[in-house]
Amino acid sequence: MSAQAAISHDAAMRLAVEHADLVKGATYPNPPVGAVILDREGRVVGVGGTGPAGSAHAEVVALRRAGNLATGGTAVVTLEPCNHHGKTPPCVDALLDAGIATVVYAVADPNPLAAGGAARLAAAGVRVVDNVEADLVATGPLREWLHKQRTGLPHVTWKYATSIDGRSAAADGSSQWITSEAARADLHRRRAAADAIVVGTGTVLADDPTLTARLADGTLADRQPLRVVVGKREIPSEANVLNDDSHTMVIRTHDPAEVLKALSDRTDVLLEGGPTVAGAFLRAGAIDRILAYVAPILLGGPITAVDDVGVPSIARALKWRFDGVERVGPDLLLSLVPR
């Protein structure tokens with residue numbers, strides 16, 4: 001593969017991010033990494049993303065596609081190339097064997113077992129450039145994996161949909177559909193990349209959701225997240241969440257810490273429960289990101305997206321900051337992280 005013109009390191013990193021996004025959700029326990037190989041003239045000659053566990057990492061995939069055109073060229077990678085031998089050899093070895101002259105990466109590897117790739121490359125005479133588009137990578141495809149590396153806990157994103165006045169349903173309880181088809185498609189894409197979806201027994205009993213990731217034509221996506229139901233009420237054996245579309249875990253607790261402990265082998269968790277579960281996770285400080293789909297409609301009424309979050313006064317408000325706002329069809333998607 002050969003592009004017609006040279007591109008900058010920043011542009012190549014953005015292309016690497018695109019390929020990391022394509023494999024997100026399919027690489028666990030490895031991070032979703034993207035790589036781009038540029039030839040001596042700076043033209044794209046190979047791209048790739050990390051494969052499922054035990055298969056080739058992004059750098060190796062991209063190098064294979066570049067072939068001999070990689071010699072003397074540049075490797076642009078979203079994460080510092082690994083320097084350890086796990087199920088596959090170190091990516092540093094592959095880069096050195098290919099004769100790469102320059103390695104550009106966005107984020108240093110925080111895993112002490114895999115770190116040290118940049119130093120080893122530099123010691124071998126390879127030019128190393130770090131911190132290129134680091135924010136884009138750290139808040140994009142590597143957000144959840146980096147959180148897991150720092151904390152040892154899965155990254156929890158609370159997702160909900162509301163009217164512009166913060167209602168999650170009309171006064172009669174009807175809620176299908178507050179947001180647009182475009183917003184629902186965006187959610188299903190995120191579900192397919194997640195490791196687990198968490199709801200409470202109240203949501204199961206009230207809405208009987210399937211909690212699957214689906215394609216535009218309504219068929220199941222190739223990859224389905226684990227469905228997790230939390231709470232102490234029994235759910236009927238015929239509930240949709242117990243069907244054969246995916247695996248389901250039922251956790252008899254109201255304690256978010258116990259939920260996270262049960263999901264400790266996961267990285268990317270979506271919280272899609274109702275106001276009671278959302279309130280419990282917020283009070284526990286167990287939410288790392290909020291994704292709010294806001295529709296340009298007004299509903300009024302008593303049904304809000306979250307119950308009590310333990311805030312007695314405006315001075316004690318839970319403070320968040322926006323780290324992204326985008327249009328999804330006619331709706332807005334707000335991304336927030338703790339301040």
Side-chain angles (χ1 to χ4, degrees), residues 139 143-144 147-148 150-171 173-175 178-179 183 187 190-191 194 196-207 209 211 227-233 250-264 266 268-295 297-325 331-339:
T139 61
R143 180 195 296 261
E144 294 81 8
H147 172 88
K148 180 71 174 288
R150 289 193 303 268
T151 68
L153 296 171
H155 180 281
V156 179
T157 297
W158 173 36
K159 164 268 162 190
Y160 66 93
T162 67
S163 60
I164 200 168
D165 56 339
R167 287 351 188 234
S168 59
S174 59
S175 62
I178 288 178
T179 51
L187 170 62
R190 294 178 188 275
R191 281 182 175 181
I197 302 175
V198 177
V199 298
T201 54
T203 294
V204 173
L205 294 171
D207 300 335
L211 297 182
R227 301 175 294 193
V228 181
V229 181
V230 302
K232 297 188 176 180
R233 285 185 285 180
V250 178
I251 308 174
R252 299 299 182 192
T253 184
H254 291 143
D255 184 352
E258 291 185 18
V259 176
L260 295 184
K261 183 178 180 180
L263 298 176
S264 61
R266 309 283 166 159
D268 185 358
V269 173
L270 280 179
L271 180 68
E272 294 193 25
T276 301
V277 170
F281 271 74
L282 284 165
R283 289 194 303 274
I287 292 178
D288 306 299
R289 186 188 190 191
I290 296 173
L291 284 178
Y293 294 86
V294 182
I297 60 174
L298 290 164
L299 291 175
I303 304 177
T304 57
V306 63
D307 286 342
D308 175 37
V309 294
V311 174
S313 66
I314 195 70
R316 299 282 297 277
L318 304 181
K319 293 181 172 61
W320 296 69
R321 65 175 176 83
F322 291 106
D323 79 336
V325 179
D331 307 315
L332 282 181
L333 175 58
L334 312 178
S335 175
L336 302 97
V337 295
R339 189 181 296 179

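All values reported here derive from a predicted model rather than from experimental measurement.
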Any [X] side-chain heavy atom under 4.5 Å of [Y] side chain:
{"X": "R190", "Y": "L291", "value": "yes"}
{"X": "V199", "Y": "V277", "value": "no"}
{"X": "I164", "Y": "L298", "value": "yes"}
{"X": "R143", "Y": "R289", "value": "yes"}
{"X": "I287", "Y": "F281", "value": "yes"}
{"X": "R321", "Y": "V337", "value": "yes"}
{"X": "L334", "Y": "I290", "value": "no"}
{"X": "R167", "Y": "I297", "value": "no"}

Please check if the side chain of [X] supplies one atom and the backbone of [Y] the other of a donor-acceptor pair under 3.5 Å.
{"X": "D165", "Y": "G300", "value": "yes"}
{"X": "S335", "Y": "D323", "value": "no"}
{"X": "R252", "Y": "R233", "value": "yes"}
{"X": "K148", "Y": "R266", "value": "yes"}
{"X": "D207", "Y": "P209", "value": "no"}
{"X": "S168", "Y": "T162", "value": "no"}
{"X": "R191", "Y": "I197", "value": "no"}

Only residue of K261, K232, E258 satisfying side chain to side chain donor-acceptor pair (under 3.5 Å) with T253 is E258
* Dump the intermediate steps for side-chain contact (heavy atoms from CB on, under 4.5 Å) on D308 and R283, then the final yes or no. => CA-CA 8 Å; D308 175 37; R283 289 194 303 274; 4.3 Å; yes
Between [atom1] on residue [X] and [atom2] on residue [Y], distance to nearest 0.5 Å:
{"X": "T304", "Y": "L299", "atom1": "OG1", "atom2": "CG", "value": "12.0 Å"}
{"X": "T157", "Y": "E144", "atom1": "OG1", "atom2": "CD", "value": "5.5 Å"}
{"X": "T201", "Y": "I251", "atom1": "OG1", "atom2": "CD1", "value": "12.0 Å"}
{"X": "L187", "Y": "T179", "atom1": "CG", "atom2": "OG1", "value": "8.0 Å"}
{"X": "L270", "Y": "K159", "atom1": "CG", "atom2": "NZ", "value": "8.5 Å"}

Identify the two heavy atoms, one from [X] and one from [Y], that lie closest to each other, and give their separation to 0.1 Å.
{"X": "I178", "Y": "A161", "result": "CD1-O, 4.1 Å"}
{"X": "P256", "Y": "A280", "result": "CG-O, 3.6 Å"}
{"X": "A305", "Y": "A278", "result": "O-CB, 4.2 Å"}
{"X": "A183", "Y": "D331", "result": "CB-OD2, 3.5 Å"}

- Message: Please evaluate residues D288 and T151 with respect to the criterion side-chain contact (heavy atoms from CB on, under 4.5 Å), reporting the C-alpha separation (whole Å), side-chain torsions for both, the decisive distance (0.1 Å), and the verdict.
- Response: CA-CA 11 Å; D288 306 299; T151 68; over 6 Å; no
